[in-house]
Amino acid sequence: MIEVIVDEERTGEEIRDALHELVLAHRVIRLDGHAPSPLPSGVTLPAIRDGDRVIHGQAAIGAFLLELEAFAAAWSKFQSDTCYVDDDG
């Protein structure tokens with residue numbers, strides 16, 4: 001499951017909104033300053049964890065969300081009783 005990792009200052013609302021719009025399951029993990037971070041050192045928040053992959057930084061998160069959008073669009077094509085022809089014919 002996709003995890004959106006935030007702290008008190010960085011709420012990750014844009015990320016959560018994008019995942020809601022894509023109708024993708026996710027959970028939000030709020031870190032406080034007292035507990036040790038479960039993320040590798042140098043990771044800035046907000047961040048996304050997808051399995052072993054950690055995505056952080058505005059550009060990387062934007063690219064990841066575009067990747068998820070393309071994946072969700074391709075996945076939804078096969079969720080109906082409709083025949084599709086790809087670009088190659």
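- Distance CG/Leu24 to CE/Met1: 10.5 Å, rounded to 0.5 Å.
- Contact of the Asp50 side chain with the Phe64 side chain is registered, since non-hydrogen atoms from C-beta on lie closer than 4.5 Å.
- In terms of the side chain to side chain contact (heavy atoms under 4.5 Å, CB included) criterion, residue partners of Asp32 (sequence neighbours excluded) are, by chain and number, Glu8, His34, Ala35.
- Listed by chain and number, the residues in a ring pair (Phe, Tyr, Trp, His ring centres under 6.0 Å) with His26 are His20 (sequence neighbours excluded).
- Taking the side chain to side chain contact (heavy atoms under 4.5 Å, CB included) definition, one finds that Ile29 meets it with Glu3, Ile5, Arg27, Leu31, Arg49, sequence neighbours left out.
- For Ser41, there are no side chain to side chain donor-acceptor pair (under 3.5 Å) partners two or more places apart in sequence or in a different chain.
- No side-chain heavy atom of Ile48 sits less than 4.5 Å from a side-chain heavy atom of Val54.
- Residues Leu65 and Ile2 share a hydrophobic cluster, clusters being chains of Ile/Leu/Val/Met/Phe/Trp/Tyr side chains in contact below 4.5 Å.
- Legend: residues meeting side chain to side chain donor-acceptor pair (under 3.5 Å) with Glu67, ordered by chain and number and at least two apart, are Arg53.
- Partners of Glu69 according to the side chain to side chain contact (heavy atoms under 4.5 Å, CB included) rule, which considers only residues two or more places apart in sequence or in another chain, are Leu22, Leu66.
- Residue Leu39 comes nearest to Ala47 through the heavy atom pair CD1-CB, 4.4 Å, listed as atom of the first residue, atom of the second, then distance.
- Contact check for Val6 versus Ile15: no side-chain heavy atoms found under the 4.5 Å cut-off.
- Under the 4.5 Å side-chain contact rule for hydrophobic residues, Ile55 and Leu68 share a cluster.
- No side-chain heavy atom of Arg30 sits under 4.5 Å from any side-chain heavy atom of Asp7.
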